[in-house]
Amino acid sequence: MPRDLPDNLRLLCSYHHSIADVCRKLGMNRSQFNRYLNGQTLPSLRLMRKICDFFGVEEAELLMPHGQFKELVRLKPQGVGIEIDKNVIMFEAEKVIQDSRSKLDAYAGYYFSYYNSMSNPGKILKSLTKIYRTPFSMNIKTLEVIGEQNHDGFTCKYEGACFTLGDRLFITAMETLTRNEAIQIILYPSYTNRIRYLSGVMSGVAAHASRPPTATQIVLQFLGTNVDIRKSLGLCGLLLPGDDRIPADVQRMISGDLREGTHLLEAAPI
């Protein structure tokens, strides 16, 4: 085990109120962290990355001889502090995501997603979404076919994470083919044992020259845990409002009506 790791960790902890404060922000058991400080054991690779990201140092730096590491930290103490503040939200988010997995198991499966197209105003985009469990989180993947149904078009792929806060479902995902957009979705949970629809609001960026930030109502229609993906994708694409391939309930929930007397766009109750 690297002999300087415990001393280097103790030095970094000295920039915080207490070791207990560090453990709380890391989401780590105090007795487990004490074993690292006492040199009894070495963090796993995953925990080592987590610790390094939290303190704003590289793994190679954390394993440096203590004298060199102390000088490195002394030369940029403010920089280290800035990194600590910047990374706190990341670790809070990781804990929220992990704690949400069991609450989201009931939502695992395939969905048709419907929303008013940001890039093709006046049309409704129907896409295929999968919510699935991983060892570390509940993830989401969405494939959008931007074109008329059963005609050629281009594809957008979004991947991200699902989590719960309060009694709402949150989804944050990035478009992974062009990497120039992220979306945020907030959904009502299902209040019945059998999921049919999830209603919410999605915000993102319209894919045309001015790229305005945009928001619209969105509905996820549950399909099941096993589907014919090729056939399901064949049913996706741009549709006109009133098309009978859009369920009447969905059409109502993405009508885009503002709450009366306000300028607020809200998710439609199911």
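This chain uses plain numbering: 1 for the first residue, then up along the sequence.
For the pair Lys126 and Phe112, the distance from NZ or CZ to the six-membered ring centre is under 6.0 Å and the angle to the ring normal is within 45 degrees.
Salt-bridge check for Lys70 with Asp7: failed, with every basic side-chain N at 4.0 Å or more from each acidic carboxylate O.
Looking at residues two or more places apart in sequence or on another chain, you find a ring pair (Phe, Tyr, Trp, His ring centres under 6.0 Å) between Phe222 and Tyr111.
Side-chain contact of Ser113 with Thr129: a donor-acceptor pair under 3.5 Å is present, judged by distance alone.
At distances below 3.5 Å, not a single donor-acceptor pair connects side-chain atoms of Gln217 with backbone N or O atoms of Ala267. The backbone N or O of Ser203 sits nowhere less than 3.5 Å from a side-chain atom of Gln184 that would complete a donor-acceptor pair. When atom types are taken as modelled, the side chain of Asn38 and the backbone of Asn34 share a donor-acceptor pair closer than 3.5 angstrom. Ser14 places no side-chain N or O within 3.5 Å of a backbone atom of Leu12 that could act as its donor or acceptor partner. Of the possible polar contacts, one joining the Asn8 side chain to the Met64 backbone as a donor-acceptor pair under 3.5 Å is found. Of the possible donor and acceptor atoms, one in the side chain of Asn29 sits under 3.5 Å from a partner among the backbone N and O of Gln32.
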Pairs under 3.5 angstrom only: tabulate donor-acceptor contacts from the side chains of residues 161-171 to other protein residues two or more places apart or in another chain.
| residue | atom | partner | partner atom | Å |
| --- | --- | --- | --- | --- |
| Thr164 | OG1 | Ser100 | OG | 3.2 |
| Arg168 | NH1 | Tyr191 | OH | 3.4 |

For residues 223-232, which side-chain donor-acceptor pairs fall under 3.5 Å, sequence neighbours excluded?
| residue | atom | partner | partner atom | Å |
| --- | --- | --- | --- | --- |
| Asp228 | OD1 | Arg230 | N | 3.3 |
| Asp228 | OD1 | Lys231 | N | 3.0 |
| Ser232 | OG | Asp228 | O | 2.9 |

